[in-house]
Amino acid sequence: TLLGYFVTDLPIASSALQKILRFATDRSFNCISVDGDMSTNDTICMIANGAVETDEITESSEEYEQVKSQVTEFAKTLAQLVVRDGEGSTKFVTVNVQNSLTFEDAKIIAESISNSMLVKTALYGQDANWGRILCAIGYAKLDNLKSLNTDSISVSFIATDNSEPRELKLVENGVPQLDVDEERAAQILALDDLEVLVDLKTGNESAQFWTCDLSHEYVTINGDYRS
Amino acid sequence: QHGRKVIDKYNLYVPTEGVFPKGYKVGSIASGVKKNGNLDLGVLVNTNTSRPSSAAAVFTTNKFKAAPVLTSKKVLESTQGNGINAIVVNSGCANAVTGELGMQDAQEMIDLVNRKIGKPNSTLVMSTGVIGQRLQMDKISAGIKNIFDNNALGNDFKSWLNIAKSINTTDTFPKLVSRQFELLNGQKYTLVGMAKGAGMICPNMA
């Protein structure tokens, strides 16, 4: 279950607060996956008590967009900590889907990769199994295939430690890179933080999801929860 | 087997200090619901009286919404998010799939806190833990009374860290983030946030 709350001393009108929280959640807590399960209790709430002496923030305030953006970045930080916990996880993985025709399609594809148990076990085992990533993209529950062109899609692992080459291409314009540098792949997959980049080249929208690997520890913890 | 390693997440991700917003106090206690004796009940109270507070929330879209989800939703709908001054959270038992009795238990948690802060319809409730078991209300009620009657509410770092711990279940570390921001007009404000979650995580809240 995900529970969380933010509190602030800023005065924010309740309708503006609801919009800010909804916007922030859609880009943070609604973009994380540890195991693909949705709880009966997931709740994020926010209180603004107005202890700071300043004008109340409403949707028409000059500061509204700024506060919305600050709350969103803050929410991302907190949401990412949940993934970093991940019940025995050893890797924090950013799934970045870019150049999609729509934001919704980018998010659905990112979520599909993030929820794949086989992608997650491959990440745990540090296996550069790009086939499982493509497979998860292929069964993503898209309404139609306008964002997904099998001739233009590229998939890469991205190193997060500033080492070069930063990008290791696995599939380029729909063509698998059969001579993948396995040594470099092993180096990237050994990092605690990873990025999987999917470039759809069908539009300009992008979405990020944060996920983790699936470890033996996860099974140990969840095989014995009620006791 | 390459992946097997131990990461000291507590040291990596848990802060040792923080900056906290004005006008809030928090308290937590081990009520006894968790079998291991860990903190399992937390209360957050708004103490600012300079103007009314506002609140908002997003909830699970799971069809089997737990009693605290339905109850908090009802509070927010009836108040339009105005005048919410407290949050009470328990861990160890989710009060989910508990029917009408579970609804009564969630409401009782809210009523207890409302009475203690002297404001009706002013509290949100959250629960997390095992699904399909009733709350041990004797322990929860005693815990809430204990926090208020012993004035166990504070606004120091330890109080905030402890309330973050009190909402944990199988989490390997408490998730507490605090930060000060500056508006375009130069006014500074503070945000503090805490979350719990380790498994059963792929929320789609609305």
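Proteins come first, then strands; the chains are lettered A, B, ... in the order of their sequence lines, and each starts at number 1.
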**Asked** Distance under 6.0 Å and angle within 45° of the ring axis: does B:K175 meet both against B:F173?
**Response**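 Yes, B:K175 lies over the aromatic ring of B:F173.
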Looking at [options], which makes the most heavy-atom pairs under 4.5 Å with chain B?
options	answer
A:E63, A:E111, A:E62	A:E63
A:G4, A:A75, A:C31, A:S14	A:S14
A:V71, A:T211, A:V52	A:V52
A:L189, A:N222, A:D127, A:T77	A:T77
A:I57, A:V34, A:N49	A:N49
A:E56, A:M46, A:Q70	A:Q70

**Asked** For the side-chain contact (heavy atoms from CB on, under 4.5 Å) test, which of B:I140, B:D40, B:L135 pairs with B:C93?
**Response**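 By the side-chain contact (heavy atoms from CB on, under 4.5 Å) criterion, B:C93 pairs with just one of B:I140, B:D40, B:L135: B:L135.
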Between [X] and chain B, which part of the residue has a heavy atom less than 4.5 Å away: side chain, backbone, both or neither?
X	value
A:S15	neither
A:I221	side chain
A:Q66	side chain
A:A186	neither
A:V83	neither
A:E53	both
A:T25	side chain

Choice from [options] maximising heavy atom contacts with chain A below 4.5 Å:
options	value
B:G132, B:S72, B:G129	B:G129
B:K22, B:K9, B:M194	B:M194
B:A67, B:G23, B:A66, B:P52	B:A66
B:A164, B:G199, B:A94	B:G199
B:V192, B:I84, B:V69	B:V192
B:P68, B:S53, B:P21	B:P21

For the pair [X] and [Y], find out whether any cationic side-chain nitrogen is under 4.0 Å from an anionic carboxylate oxygen.
X	Y	answer
A:K68	A:E65	yes
A:K76	A:E73	yes
A:D26	A:R22	yes
A:R84	A:D193	yes

Would you say the side chain of [Y] lies within less than 4.5 Å of the side chain of [X], judging by non-hydrogen atoms?
X	Y	result
B:N38	B:K165	no
B:P174	B:L176	no
A:V155	A:L134	yes

Under 4.5 Å from a heavy atom of chain A, the part of [X] involved:
X	value
B:Q187	side chain
B:K73	neither
B:P203	both
B:L12	neither
B:S127	both
B:Q180	neither
B:K196	both
B:D171	both
B:S178	backbone
B:L124	side chain

Interatomic distance, [X] atom [atom1] to [Y] atom [atom2] [nearest 0.5 angstrom]:
X	Y	atom1	atom2	answer
B:T60	B:K65	OG1	NZ	6.0 Å
A:F103	A:R27	CZ	CZ	5.0 Å
A:S69	A:I20	OG	CD1	10.5 Å
B:L101	B:M137	CG	CE	11.5 Å

**Request:** Verify the neighbour count for atom CG of A:D143: are there more than 12 heavy atoms of other residues, nucleotides or ligands below 6.0 Å?
**Result:**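 Not more than 12 within 6.0 Å, no.
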**A:T8 side chain to B:T190 backbone, donor-acceptor under 3.5 Å** =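 Side chain of A:T8 to backbone of B:T190, a donor-acceptor pair under 3.5 Å: yes, one is there.
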**Request:** Assign the ring pair B:W160 / B:F20 to parallel, tilted or perpendicular, where the plane angle (0 to 90°) is split at 30° and 60°.
**Result:**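 Judged by the thresholds at 30° and 60°, the geometry between B:W160 and B:F20 is parallel.
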**Asked** For residues A:S61 and A:D55, is any side-chain donor paired with an opposing acceptor at under 3.5 Å?
**Response**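 There is no such pair (donor and acceptor under 3.5 Å, judged by atom type) between the side chains of A:S61 and A:D55.
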